[in-house]
Protein chains: 2
Amino acid sequence: MREETELAPHDDRIEKLDPRFLTTLRDHVHRTLRSAILSGRFGVNERVNERQLAEQLGVSTTPIKEALRQLETEGLVETLPRRGVLIRFNSGWAEEMILARAALESMIAHLAAKRLTKPAAAELQTTINLMMEATKAGGADDLIALNEKFHDQIHIASQCQYLARMIERQQFYDASIRRVIHSDPAEREIALNEHSAIAAAIISGDTDTSERAMRDHVVRSGETYLKIVFKNKREV
Amino acid sequence: MREETELAPHDDRIEKLDPRFLTTLRDHVHRTLRSAILSGRFGVNERVNERQLAEQLGVSTTPIKEALRQLETEGLVETLPRRGVLIRFNSGWAEEMILARAALESMIAHLAAKRLTKPAAAELQTTINLMMEATKAGGADDLIALNEKFHDQIHIASQCQYLARMIERQQFYDASIRRVIHSDPAEREIALNEHSAIAAAIISGDTDTSERAMRDHVVRSGETYLKIVFKNKREV
DNA sequence: AACTGAAATCTGGTATATCAGATCTCACAG
DNA sequence: CTGTGAGATCTGATATACCAGATTTCAGTT
């Protein structure tokens, strides 16, 4: 018996609270602004005012400033010292975010193919099987969840935490748009085929094919999102 | 004649000041901390204290906080709300930064091969020619400068600003280490060959070869840096 | 000796005041 | 009409005070 579990007041029935559930104002501001920018609620090159934002969101400027620093590092805004903060997002930016994600995901797929363990392979296959069923009969939300699980499993298999985190930041669309896409029968069919091909390549350890299949999948599906999000307004 | 240049008090002899030259305390703190982290002056998982940092750097906590938010978004520190700030950097992180850079640079090389203009091709070739000379007779600093120019030209040719910015953030070594590497005759020879191959592929429009050559170059040279920066202390 | 919990303390989070560069306004000189 | 520049004003940058979780300390209890 392990001493620690004996001595410590440990109780498996109650999970430890994840500190991440405790959010901060800064985080809330960050999410809100990020979402607003990505959904085009700011114009390209529009200036935003820290004090004004603070007032609108009912907070002081401190969390606003911190959130803006994060957005700046993400490349969504640009701060001109002592002059102003500009929104930096348009369809071109979104396109490059897709390319970034494609590049990173394909690198991760490559490594996953190289590092995949037996049990992880089985789990990945299980996800694909569930996807097949959900594609036929499931709702959009089921597919979205499976989609996330699929990519997460690959991230975990690759053993790359830094890369996985980077990829998360390249998402420029929200749940509502995903729901639209995952409701389209044609898109569902294509996505399933692509996912199956990716999984097969990774499970078979074919790094090269994994890489390409993943890249092509991310680029193609990304372009589908682009068309919907930016419709007819492709800015300069 | 263009009206604007006639009416405006324009004087080509004097360049407009780039606002970016005006730096802020926050920026200075960011650079300082980033450099300190990347050069291993903090231990893995070491906790840093905002007030303490402020005192050490002789500033208030505000610019410290903002710089930490940037570093957090870059993945170099992690903030546990109301508990502390942890350094998140070790050799594994550095390895993944190399992989990220390789993935992004190879994507950019792919696009550069597709989008390269005639004049840009000539300029790229010029850089390669200068590199050949510098490899034989030049100093390390010349090679470093040419190296940067080479990659910059490819970034510009790719027309990807967002990706180019992302790549900049994946650098984990400083000038002094680059100087060591670019002084080694063997390394110089290898790098020249790789650069030449990349340039040739891009100029010939061979997207596939460009991509691979770039990726392999970044990974290989990155590993050289890894060996030097982390020597014998490869942490968990 | 082991446990409990209140209080001290540490740390980041937030609000606010103030500073200073950048920009704008507008009277006034040429 | 045009150009100038002092002053008002806007905006981000910085400093500072205070708030509130999280952690530690330690006396008191069993």
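Side-chain atoms are counted along with the backbone in the values below, which use heavy atoms only and exclude waters and symmetry mates. Here is how names work: the chains are called A, B, and so on, in the same order as the sequence lines, proteins then strands, and each is numbered from 1. These numbers were taken from a predicted model, which means no experiment stands behind them.
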Inset, instruction - Can you tell me the distance, in whole Å, between the CZ atom of A/Arg83 and the C1' atom of C/dT23? - result: 9 Å
Legend entry - Closest listed nucleotide, where the reference is the side chain of A/Arg26 and the choices are C/dT14, D/dG12, D/dT14: C/dT14
Inset, instruction - Respond yes when some side-chain nitrogen or oxygen of A/Ser60 is under 4.0 Å from OP1 or OP2 of C/dA15, and no when none is. - result: yes
Inset, instruction - Answer yes if the side chains of A/Glu105 and A/His155 hold a donor-acceptor pair under 3.5 Å, and no otherwise. - result: yes
Under 3.5 Å, N/O pairs linking protein and nucleotides 17-20 of chain D:
none

Legend entry - Exercise: do A/Gln170 and B/Tyr162 side chains pair donor with acceptor under 3.5 Å: yes
Inset, instruction - For A/Leu80 and D/dT11, give me the distance from atom CG to atom P, rounded to whole Å. - result: 14 Å
Legend entry - Interatomic distance, A/Glu50 CD vs C/dT16 P [rounded to whole Å]: 16 Å
Legend entry - Sugar-phosphate only, base, or nothing, as touched by B/Val29 at under 4.0 Å among non-hydrogen atoms: nothing
Inset, instruction - Please evaluate the base of C/dA15 for a donor-acceptor partner in the side chain of A/Thr62 within a cut-off of under 3.5 Å? - result: yes
Inset, instruction - Let me know the distance between CG of B/Leu25 and P of D/dT16, rounded to the nearest Å. - result: 12 Å
Legend entry - d(CD1, B/Ile64; C1', C/dT11) in whole Å: 14 Å
Inset, instruction - Report yes or no: do A/Thr127 and A/Gln153 form a side-chain donor-acceptor pair below 3.5 Å? - result: yes
Legend entry - Side chain to side chain, A/Glu168 and A/Arg101, heavy atoms closer than 4.5 Å: no
Inset, instruction - Look at the side-chain N and O atoms of B/Lys65 and state whether any lies under 4.0 Å from the OP1 or OP2 oxygen of C/dG13. - result: yes
Legend entry - Nucleotide nearest B/Thr24 when distance is taken to its side chain, options D/dT14, C/dA15, C/dG12: D/dT14
Legend entry - Gap between atoms CG and C1', on B/Leu68 and C/dG13 respectively (whole Å): 13 Å
Legend entry - Nucleotide nearest B/Pro81 (side chain, heavy atoms from C-beta), chosen from C/dA22, C/dA15, C/dG13: C/dG13
Inset, instruction - For the residue pair A/Arg26 and A/Thr62, confirm or rule out a side-chain donor-acceptor distance under 3.5 Å. - result: no
Legend entry - Flag side-chain contact, heavy atom, 4.5 Å: A/His28 against A/Thr24: no
Legend entry - Value in whole Å for how far the P atom of D/dT11 lies from CD of A/Glu46: 13 Å
Inset, instruction - Look at the side-chain N and O atoms of A/Asn49 and state whether any lies under 4.0 Å from the OP1 or OP2 oxygen of D/dC10. - result: no
Inset, instruction - Verify the distance criterion only: is there a donor paired with an acceptor across the side chains of B/Arg178 and B/Asn147 at less than 3.5 Å? - result: no
Inset, instruction - Between B/Arg47 and B/Val59, just flag the one whose closest nucleotide in DNA chain D comes earlier from the 5' side. - result: B/Val59
Legend entry - Atom-pair distance (CD on A/Glu66; C1' on C/dT16), nearest Å: 15 Å
